[in-house]
Amino acid sequence: MQMDVLLGLQWGDEGKGKIVDFLSPRYDMIARFQGGPNAGHTLEFDGKKFILHTIPSGIHHPEKVNLIGNGVVIDPVIFMEEVKELEKSGLNLSSNLYISRKAHLILPTHRVLDAASEAAKGKSRIGSTLKGIGPTYMDKTGRNGLRVGDLVSSGLDNKYEKLKEKHLALLRQYDYDYMDELDKYEKQWHESIETIRRFSLVDSEYMVNSFLDNNKKVLAEGAQGTLLDIDFGSYPYVTSSNTVCAGACTGLGVAPNKIAKVYGIFKAYTTRVGSGPFPSEQENVTGEMLRKKGHEFGATTGRPRRCGWLDLVALKYACMLNGVTSLLMTKADVLTGFNKIKVCTAYKNSGSPASQFPYEINEDIKPSYAELPGWQKDPGQLREFNDLPANLKDYTSYIEKELNIPIDIISVGPDRSETILRF
Ligand code: GDP
Ligand code: IMO
Ligand code: MG
């Protein structure tokens, strides 16, 4: 059996959590492959709402194995809080949640370094979620990191102190007062590692491959989105991991020839949280309307998300990088009520061909737009594609034609049930 991958095609928050939860009944294992608690994946069903940061979005299906892969970075404190919250809702996680021994740990000093580095950048700050993601991946590639497996081997205290010393030396370069924050956070960290130790810590590359060899179905869940990828995103305003499909191979230990479907998920418009270029951004009443109707506030930080029109230049680039075979469009309901809907089709003055996502996006770039007629009837109650307003169906066909990939799911509301499946 091969593995399917679901990942974001924009700047994150495309609705990955909702759709992974929706698709989970079709799989035996749901496996997160990169990122960490910078992610906030929202699930809604039966009038309840959950936001997951580290734990895969299949967790509400107790008969499915949920795996945190080696490519993920884990903050034990945030993980412990997630576990508590889910267990309060009645889930028994010890039966179906597994963690890779090779996943790296976010230390209290990683968080402090993230904050100190962002503060020092001033106006050019990345807009990081301040969860310590960048410093933790730096230590991973710098070969200094602490891994989940270290929590159950001797010498943990020694390794921890050595890495902390290195971080404190780095922190001396910054004019950043961290002592109170660090003391409090360290205490919580040492308590919370007990929660991780309670779970099955596994050689997850063997586990995933053995599932595939035994004809079991695996869905790999991405975090962030393609335009935040460390190599191909709007660098340096990106995250520190490979969010593209290749990240599912390295983040789980699955060979490229074992990947079958690649689900690329996108919002019917575009949002971005944090700093960095956003050519189709609407800093006007349209942007305000999208933010208000779409409740566009970050699931992890609560920050207002920047909003704009759908960007086909960026989407085509993302489809190419990921080898997307199936598109999933969310938040189609949010576009209800606009008379005209714009779609960015080219970037003028970018120094690259207008249809390409350029090396650098600056203010000289002028997006060109196609204009499509909007629809007035909210599709939230509808469950069949054929029942959708004609102009929404046309919007869907237009995007499919431009990207040459079918849109197989249309999401029309945050709830699990508000989903139109076309396969
Ligand atoms: P993720 O990070 O990709 O999992 O996405 P987030 O959870 O950060 O953000 C998506 C937000 O949109 C969440 O609040 C979801 O509940 C909500 N959402 C998902 N799909 C839809 C949809 O089709 N319509 C509406 N109105 N909201 C949606
Ligand atoms: P999900 O999985 C949206 C953004 C931050 C910042 C940049 C770097 O919920 O889609 P980091 O904390 O990684 O150093 O921040 O990336 N960012 C996200 N934006 N959704 C996310 O995750 C994000 N994770 C990071 O806002 O601009
Ligand atoms: Mg999110």
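We count ligands from 1, going down the list as the structure has it; atoms in each ligand are counted the same way.
- With a 4.0 Å heavy-atom cut-off, ligand 1 is reached by the side chain of D333 but not by its N, CA, C or O.
- Ion pair R305/D13 flagged as a salt bridge, since at least one NZ, NE, NH1 or NH2 atom sits closer than 4.0 Å to an Asp/Glu carboxylate oxygen.
- Of all the atoms in ligand 1, the ones that sit under 4.0 Å from a non-hydrogen atom of V334 are 26 (N).
- In this structure a side-chain-to-backbone donor-acceptor pair under 3.5 Å is present from Y395 to A268.
- Under a 4.0 Å criterion applied to the non-hydrogen atoms of G17, ligand 1 contributes the atoms 4 (O).
- Of all protein heavy atoms, the one lying nearest to atom 13 (O) of ligand 2 is T239 OG1, 2.6 Å.
- Checked by distance only, ligand 1 and G15 come closer than 3.5 Å through their nitrogen or oxygen atoms.
- Below 30°, between 30° and 60°, or above 60°: for Y160 and W189 the angle between ring planes is between 30° and 60°, a tilted geometry.
- Summarising the contacts of atom 11 (C) of ligand 1 with H295, R416, K331, the nearest heavy atom is found in K331.
- Residue contacts with ligand 2 for K131 are absent, since no atom lies close enough (heavy atoms, distance under 4.0 Å).
- Residue contacts with ligand 2 for T129 involve both N, CA, C or O and side-chain atoms from C-beta outward (heavy atoms, distance under 4.0 Å).
- Heavy-atom separations between G8 and ligand 1 are all 4.0 Å or longer.
- In this structure, F50 has its ring center at least 6.0 angstrom away from the ring center of H41.
- Judged by the 6.0 Å distance and 45° axis criteria, R291 is not positioned over the aromatic ring of F297.
- Classified by interplanar angle (parallel below 30°, tilted 30° to 60°, perpendicular above 60°), the ring pair F199/F79 is perpendicular.
- For the Mg ion (ligand 3), the nearest N, O or S atom contributed by D13 is named OD1.
- With a heavy-atom cut-off of 4.0 Å, R272 does not touch ligand 2 at all.
- Between D28 and K217 there is no salt bridge, since no side-chain nitrogen of the basic residue lies less than 4.0 Å from a carboxylate oxygen of the acidic one.
- In terms of protein heavy atoms, atom 23 (C) of ligand 2 is closest to Q224 CG, 3.6 Å.
- With a 4.0 Å heavy-atom cut-off, ligand 2 is reached by no atom of D114.
- Side-chain N or O atoms of T300 include one that pairs as donor or acceptor with a backbone N or O of A39 at under 3.5 Å.
- We find that E191 and K187 are joined by a salt bridge, their nearest charged nitrogen and carboxylate oxygen being less than 4.0 Å apart.
- Nearest protein heavy-atom neighbour of atom 10 (C) of ligand 1: D13 O, 3.7 Å.
- Residue contact check for ligand 2: G134 places no non-hydrogen atom closer than 4.0 Å to it.
- Atom 20 (N) of ligand 2 has as its closest protein heavy atom D13 OD1, 3.1 Å.
- Applying the 4.0 Å criterion to heavy atoms of A39 picks out, from ligand 2, the atoms 1 (P), 2 (O), 9 (O), 22 (O).
- Salt bridge absent: E221 and R32 never bring a charged side-chain N and a carboxylate O closer than 4.0 Å.
- Not a single N or O atom of E14, backbone or side chain, sits closer than 3.5 Å to an N or O atom of ligand 2.
- With D229 as reference, N242 is the one residue of N242, V238, N322 to meet the side chain to side chain contact (heavy atoms under 4.5 Å, CB included) rule.
- Not a single heavy atom of R305 sits closer than 4.0 Å to an atom of ligand 2.
- Atom numbering of ligand 1 starts at 1 in the shown order; those under 4.0 Å from a heavy atom of S411 are 20 (N), 21 (C), 22 (C), 23 (O).
- Screening E14, E296, Q10 for a side chain to side chain donor-acceptor pair (under 3.5 Å) with K267, the sole residue that qualifies is E296.
- Under a 4.0 Å heavy-atom criterion, G12 is not in contact with ligand 1.
- Distance from atom 15 (C) of ligand 1 to its nearest protein heavy atom, with residue and atom name: T42 CB, 4.0 Å.
- In terms of polar-atom proximity, V273 is counted as a contact of ligand 2, with an N or O under 3.5 Å from an N or O of the ligand.
- Remark: R422 qualifies as a cation-pi partner of F385 under the 6.0 Å distance and 45° angle criteria applied to the six-membered ring.
- When the options V202, L67, N70 are evaluated for a side chain to side chain contact (heavy atoms under 4.5 Å, CB included) with V208, the one that passes is L67.
- Annotation for ligand 2: atoms under 4.0 Å from non-hydrogen atoms of K16 are 1 (P), 2 (O), 10 (O).
- Here G17 does not reach the Mg ion (ligand 3): none of its N/O/S atoms is less than 2.8 Å from the metal.
- Ionic pairing of K316 and E402 is present here: one or more N-O contacts between side-chain nitrogen and carboxylate oxygen are shorter than 4.0 angstrom.
- Close approach of ligand 1 to E44 is summarised as follows: ligand atoms under 4.0 Å from at least one heavy atom of the residue are 16 (O).
- Between R305 and ligand 1, at least one N/O pair is under 3.5 Å apart.
- Ion pairing between a basic and an acidic side chain is recognised when a charged N comes within 4.0 Å of a carboxylate O; E87 and R198 show such pairing.
- Here the shortest heavy-atom pairing between L212 and V218 reads CD2-CG2, 3.7 Å.
- The protein non-hydrogen atom at the shortest distance from atom 8 (C) of ligand 2 is V238 O, 3.4 Å.
- The proximity of K18 to ligand 1, defined as any non-hydrogen pair under 4.0 Å, is limited to the side chain.
- Protein heavy atom closest to atom 16 (O) of ligand 1, with residue, atom name and distance, is P414 CB, 3.4 Å.
- The six-membered or imidazole ring of W11 lies near that of F278, with a centre-to-centre distance under 6.0 Å.
- The one candidate from I78, V72, V77 that meets the side chain to side chain contact (heavy atoms under 4.5 Å, CB included) condition with I74 is V72.
- Nearest protein heavy-atom contact of atom 6 (C) of ligand 2 is G127 O, 3.2 Å.
- Closest to atom 18 (C) of ligand 2 among all protein heavy atoms lies L228 CD1, 3.7 Å.
- Residue G40 has at least one nitrogen or oxygen atom sitting less than 3.5 Å from a nitrogen or oxygen atom of ligand 2, judged on distance alone.
- For ligand 2, the polar-atom distance check finds an N/O of N38 within less than 3.5 Å of one of the ligand's N/O atoms.
- Neither the backbone nor the side chain of Q10 comes within contact range of ligand 1; no heavy atom lies under 4.0 Å.
- Comment: D4 does not engage R26 in a salt bridge, judged by the lack of any side-chain N to carboxylate O separation of less than 4.0 angstrom.
- Under 4.0 Å from ligand 2, the heavy atoms of W11 that appear belong solely to its backbone.
- Here the shortest heavy-atom distance to atom 14 (O) of ligand 2, taken over G132, S128, A223, belongs to S128.
- The pair R416-D21 counts as a salt bridge, with a side-chain nitrogen and a carboxylate oxygen less than 4.0 angstrom apart.
- Contact atoms of ligand 2 toward G274: 27 (O) (distance under 4.0 Å to a heavy atom of the residue).
- The pair E81-K84 does not count as a salt bridge, with every side-chain nitrogen at least 4.0 angstrom from each carboxylate oxygen.
- Scanning all protein heavy atoms for the shortest distance to atom 2 (O) of ligand 1 gives G40 O, 2.9 Å.
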